[in-house]
Amino acid sequence: FLMGSEPTWNDIRCGAASVRNCENDLTEKFLKCREAKQNSILIVTGTAGSGKSSIVKSLALKLHEQGKHSGWIDQSHMPHPRIIKEAIEKEPTPTTIFIEDAYNYRQNLEPLIRDLCSSNKKITLVVVLRSNGVEKLLGDISKDTRFIEFSVPHLTDNDIDGLLDSLDKFNRLGVLKGEDRRSQHDIFKSKCGSQLLVAMIEATSGLDFDKKCTSEYEELTDQEKRFY
């Protein structure tokens with residue numbers, strides 16, 4: 001994560017993905033969904049690389065540590081809706097289902113959500129989706145009274161300081177290492193108009209993201225370049 005990749009579970013556990021100010025707001029909206037009498041849907045939206053995955057994984061990990069029954073779906077494991085629903089029906093306690101990068105379901109996302117929400121067991125769906133995919137993929141669900149949206153905000157000054165602390169702790173400051181904290185903060189903040197992960201790469205490498213990609217590309221073999 002600190003090198004500009006998508007966050008892993010280990011990044012969350014070890015604190016590499018620092019806590020953001022908006023996580024309390026996300027938790028508040030999640031609890032509102034979970035405490036509702038009917039099955040509910042929390043859609044977490046934001047641009048690519050805005051930090052959606054890291055804050056949602058942090059929430060999921062907290063639920064797991066509290067012993068709350070939950071399930072995680074991402075592109076590495078996309079079970080058939082029937083299997084998901086069967087697992088929910090077998091569980092005696094309320095269930096939370098997280099769907100990361102829900103765009104992977106494409107046109108099947110809306111029927112999937114409707115199908116899961118029709119369960120007789122109490123469930124809360126947390127769906128992670130890019131902002132431009134809400135109307136395209138969710139259709140009329142966005143008008144449902146069970147629907148709550150949380151939009152991931154831009155980094156605050158405290159968020160930036162937290163990320164700089166993590167970069168320093170894990171020795172990933174890169175070219176920022178020789179700068180004082182104010183300069184580090186200003187450099188990082190100047191990149192925050194970009195996606196979070198792009199900002200991380202540019203601030204720590206000192207390179208423009210496109211130029212860094214070109215540099216990496218030129219170092220690859222012909223076969224590797226095709227995949228890149």
Side-chain angles (χ1 to χ4, degrees), residues 1-31 42-68 70 72 74-76 96 98 100-101 126-131 149-213 215-216:
F1 174 70
L2 294 176
M3 297 179 71
S5 300
E6 289 293 325
T8 65
W9 289 108
N10 191 52
D11 286 325
I12 308 300
R13 288 192 185 96
C14 72
S18 57
V19 177
R20 290 184 58 181
N21 282 358
C22 65
E23 291 188 30
N24 287 335
D25 296 331
L26 173 63
T27 300
E28 185 178 324
K29 288 205 172 187
F30 168 75
L31 291 175
L42 174 60
I43 308 293
V44 180
T45 63
T47 57
S50 61
K52 302 183 299 297
S53 292
S54 60
I55 64 172
V56 172
K57 279 185 172 176
S58 179
L59 174 61
L61 194 58
K62 288 174 186 174
L63 289 182
H64 176 71
E65 291 171 347
Q66 293 168 8
K68 305 294 185 182
S70 57
W72 183 272
D74 59 25
Q75 60 183 350
S76 67
T96 300
F98 294 87
E100 184 194 36
D101 200 7
V126 180
V127 180
V128 183
L129 194 62
R130 291 184 186 176
S131 302
E149 182 174 358
F150 178 82
S151 180
V152 178
H154 293 301
L155 294 174
T156 65
D157 286 342
N158 286 340
D159 291 336
I160 293 173
D161 285 335
L163 284 167
L164 288 170
D165 287 341
S166 292
L167 288 165
D168 188 23
K169 177 181 176 181
F170 292 93
N171 197 28
R172 295 295 182 187
L173 280 170
V175 297
L176 295 177
K177 193 171 183 63
E179 305 287 344
D180 60 46
R181 175 48 71 97
R182 166 160 278 194
S183 297
Q184 291 174 346
H185 188 283
D186 289 345
I187 291 170
F188 204 103
K189 191 169 186 176
S190 71
K191 305 294 183 180
C192 287
S194 306
Q195 300 164 355
L196 170 59
L197 300 182
V198 173
M200 202 111 68
I201 291 171
E202 291 189 343
T204 57
S205 69
L207 297 175
D208 176 81
F209 181 68
D210 290 339
K211 290 180 179 178
K212 181 172 174 59
C213 289
S215 174
E216 287 181 350

How far apart are the closest heavy atoms of [X] and [Y], and which atoms are they?
X      : Y      : result
Ile12  : Ser58  : CG2-CA, 3.7 Å
Ser166 : Gly15  : OG-O, 3.4 Å
Ala16  : Phe170 : CA-CE1, 3.7 Å
Ser18  : Gly162 : OG-C, 3.4 Å

To the nearest 0.5 Å, how far apart are [atom1] in [X] and [atom2] in [Y]?
X      : Y      : atom1 : atom2 : answer
His64  : Lys57  : NE2   : NZ    : 14.5 Å
Asn158 : Leu163 : CG    : CG    : 11.0 Å
Asp165 : Gln184 : CG    : CD    : 9.5 Å
Leu176 : Phe188 : CG    : CZ    : 8.0 Å
Leu167 : Ile160 : CG    : CD1   : 11.5 Å
Asp180 : His185 : CG    : NE2   : 12.0 Å

Exercise. Answer yes or no: is there a side-chain heavy-atom contact under 4.5 Å between Cys22 and Ile55?
Key: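 Yes, at least one pair of side-chain atoms sits under 4.5 Å.
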
Self-check item: Arg130 side chain reached by Lys52 side chain, heavy atoms, under 4.5 Å
Solution: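 They are in contact (side-chain heavy atoms under 4.5 Å apart), so the answer is yes.
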
Would you check if the side chain of [X] reaches a backbone N or O of [Y] as a donor-acceptor pair within less than 3.5 Å?
X      : Y      : value
Lys29  : Phe150 : no
Thr27  : Glu23  : yes
Glu100 : Asp74  : no
Asp168 : Leu173 : no

Practice problem: Decide yes or no on side chain to side chain donor-acceptor pair (under 3.5 Å) for Asp11 and Thr8, but give the supporting numbers first. | Solution: CA-CA 5 Å; Asp11 286 325; Thr8 65; 3.2 Å; yes

Quiz item: Do you know which of Leu63, Leu59, Leu42 makes side-chain contact (heavy atoms from CB on, under 4.5 Å) with Thr96?
Solution: Leu63

Quiz item: Would you call the rings of Trp9 and Trp72 parallel, tilted or perpendicular, where under 30° means parallel and over 60° means perpendicular?
Solution: perpendicular

Quiz item: Any chance CD of Glu28 has more than 12 other-residue heavy atoms, nucleotides or ligands included, within less than 6.0 Å?
Solution: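 No - once you tally the heavy atoms of other residues, nucleotides and ligands closer than 6.0 Å, there are 12 at most.
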
Quiz prompt | Positive for salt bridge (charged side-chain N to carboxylate O under 4.0 Å, His left out) with Asp161, one of Arg181, Arg20, Arg182, Lys189 | solution =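 Exactly one pass, corresponding to Arg181.
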
